[in-house]
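Report on one structure; see the data block that follows.
Quick note: numbers below take in every heavy atom, side chains included, and nothing from hydrogens, waters or symmetry partners.
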Amino acid sequence: MSTTAAAIFNRPTPAKRAETVVFWLLRLATYFVLFCAAFIFIDIGWKGGSVVFRTQAPFLNVPFLTEAPETLNVFTLDGQPRTMGDRAFRAFKATHEAELKGVRIETYVYSAGGIFPNIVGTVLLVAGSVLIALVLGVLSAIYLSEYATDGPFIRFLRLAIINLAGVPSIVFGLFGFGLFVIALDFGVSLLAGWLTMAFMVLPIIITASEEALKAVPRGYREGSLALGATKFQAITTNVLPYALPGILTSSVLSIARVAGETAPIMFTAAFVVRDELPWQVAKWTDFFFQGVMALPYHIYVVASKIPQNEYTRDVQYGTAFVFLFTVAAIAMTAVILRQRLRKRYKW
Amino acid sequence: MRAISVAPAAPVDAAVRAIIEIDDIDFHYGPARALHDITLNIKERQVTAFIGPSGCGKSTLLRCLNRMNDLIDGARVTAGQIRIDGVNIYDPRVDAIELRKRVGMVFQKSNPFPKSIYDNITYGLRIQGEKNKGRLDEVVERSLRGAALWDEVKDRLHESALGMSGGQQQRLCIARAIAVEPEIILMDEPCSALDPIATAKVEELIHELKKQFTIVIVTHNMQQAARCSDRTAFFYLGKLIEFADTRTIFMNPANPQTEAYVSGRFG
């Protein structure tokens with residue numbers, strides 16, 4: 001009695017001290033991750049936000065979001081520092097030829113104007129490649145999970161798919177360049193970029209879709225078949241609809257991956273600069289065979305220009321901010337769609 | 001020996017047609033032999049019960065009757081024939097899809113689809129291409145009445161079937177099976193997850209259904225076999241030990257193993 005009473009009083013034992021230390025390690029590790037993520041988001045949010053948002057109505061930097069990138073001209077005239085986009089500067093030069101004589105003009109590529117074509121290009125690239133990857137991926141997943149008989153060949157196929165996930169994106173980029181751009185003669189084009197990136201995210205989509213299909217209870221399949229459904233009818237009416245939310249989860253992951261990648265598109269789909277917007281094509285088939293500007297590639301381009309100063313910084317942070325926002329918005333669409341499907345096909 | 005109530009002796013009429021003839025069937029899961037030389041006849045519009053301890057092959061045999069085992073990799077009938085209406089159902093010319101329309105199945109775990117009650121019942125007809133609303137409505141009412149469920153659910157046909165009680169879900173699965181108008185209904189331990197009251201309702205239903213359908217039921221519950229079947233087959237380790245009318249199996253079994261099992265000494 002008295003020994004129990006003595007023993008249960010809280011006294012530090014080596015085991016307890018070890019636990020306290022471990023507990024703090026776990027906690028610090030988690031907080032460190034949180035801190036890094038918060039730092040990145042706050043830094044981009046703050047510096048990029050100040051480029052994109054304005055304190056007066058309409059509270060948005062409309063030109064930045066609606067215009068194409070331009071070269072920024074910086075010069076000092078009559079003791080006044082002036083900054084001008086290329087088009088404005090040419091107009092100004094035409095009328096102030098004399099005054100500009102002898103004035104030193106610094107130019108910074110793509111630091112004026114906006115990033116509208118890049119936003120459009122990224123949205124197009126993401127939408128097309130995720131769509132292609134979803135169609136191919138879901139079909140393969142259905143084959144693997146519902147039709148294929150497990151054997152050495154199917155195991156090899158699965159291994160190949162998993163290995164595909166480990167291939168560096170630059171290799172995909174060069175593969176796409178070799179196959180689509182050159183061998184199939186698509187040129188640097190949306191189509192080549194779509195296919196390259198679709199292949200890149202296929203492993204994610206196949207694996208996740210297969211898991212989602214496997215999670216649908218066997219009873220739904222057997223129930224359908226016992227009522228005289230063919231396997232295909234059972235899958236389309238009673239398996240696939242319930243797997244869709246899970247499949248869309250994989251598409252959210254792929255969206256983030258596809259939108260963020262620079263390497264696969266720099267050889268296959270991305271232009272540094274292009275004057276026409278994607279819908280300004282002569283005939284509709286040209287749409288698929290045009291290159292586009294894209295946000296991640298633009299960030300790479302503006303970040304690798306020398307010199308770096310306050311003029312170039314704005315466009316870098318602004319682009320990064322809009323980029324994060326665009327990816328979040330596309331991913332959000334998929335999340336909302338998933339939520340709706342979940343509600344509709346509850347099980 | 002426990003007292004077991006046995007249903008009033010069914011008219012065991014030698015003239016009743018055998019609709020299913022199982023003839024010397026062997027069945028393998030990969031290399032493992034699950035059924036040994038099973039021969040038995042199932043008579044039209046009777047309830048035939050398969051009993052026996054777990055793993056004795058009774059569910060395997062049941063799933064042979066509508067070729068549900070086709071879906072399991074490596075599972076196959078290795079010898080013998082199963083004839084339904086005189087046709088060997090393992091003949092390569094037989095379409096398993098058509099077969100399953102004629103031989104319905106109710107599973108151990110009730111598996112209503114996560115759709116409305118209405119959509120569950122009409123599923124079988126819709127995949128066959130039936131679109132006529134009037135005809136579908138009619139089938140829904142007839143099937144639900146047939147499964148003694150109509151009065152309980154007629155006001156919530158368009159609500160999810162998952163909101164029903166366990167017993168109702170199982171009766172819905174029966175209604176769904178009879179909606180496609182099969183000739184034979186296979187039931188794989190249909191009451192194993194139900195409470196006694198829900199079980200009693202399903203048993204009552206089985207009694208009603210046999211007026212119209214031939215029923216084969218697998219059960220672990222010997223009282224259930226005694227209460228609702230006309231003939232009972234006892235399986236052990238993949239072999240058919242004894243097959244006779246239910247009264248004989250429970251009151252006067254010929255085989256000592258059968259006697260030991262039905263009296264509760266093993267299994």
Problem set entry | Heavy-atom pair count under 4.5 Å with chain A, highest-scoring of B/V180, B/D73, B/V103 | B/D73

For this session: Evaluate the criterion ring pair (Phe, Tyr, Trp, His ring centres under 6.0 Å) for residue pair B/Y29 and B/F27; output intermediate values, then yes/no.
Result: CA-CA 7 Å; B/Y29 288 113; B/F27 188 87; 5.1 Å; yes

Exercise. Which bit of B/R67 comes within less than 4.5 Å of chain A, counting heavy atoms only: side chain, backbone, both or neither?
Worked result: neither

Problem set entry | A/R221, part contacting chain B, at a heavy-atom distance under 4.5 Å | neither

Exercise. Do NZ/NE/NH1/NH2 and the carboxylate oxygens of A/E146 and A/K231 come within less than 4.0 Å?
Worked result: no

Exercise. Is it the side chain or the backbone of B/L125 that comes within 4.5 Å of chain A heavy atoms, both, or neither?
Worked result: neither

For this session: Please state whether the rings of A/F180 and A/F199 are parallel, tilted or perpendicular, taking 30° and 60° as the class boundaries.
Result: tilted

Problem set entry | Which portion of B/P182 sits near chain A, non-hydrogen atoms under 4.5 angstrom | neither

Exercise. How about B/R93 and B/N88: does a side-chain donor come under 3.5 Å of a side-chain acceptor?
Worked result: no

For this session: Please confirm whether B/F235 and B/F50 have ring centers closer than 6.0 angstrom.
Result: yes

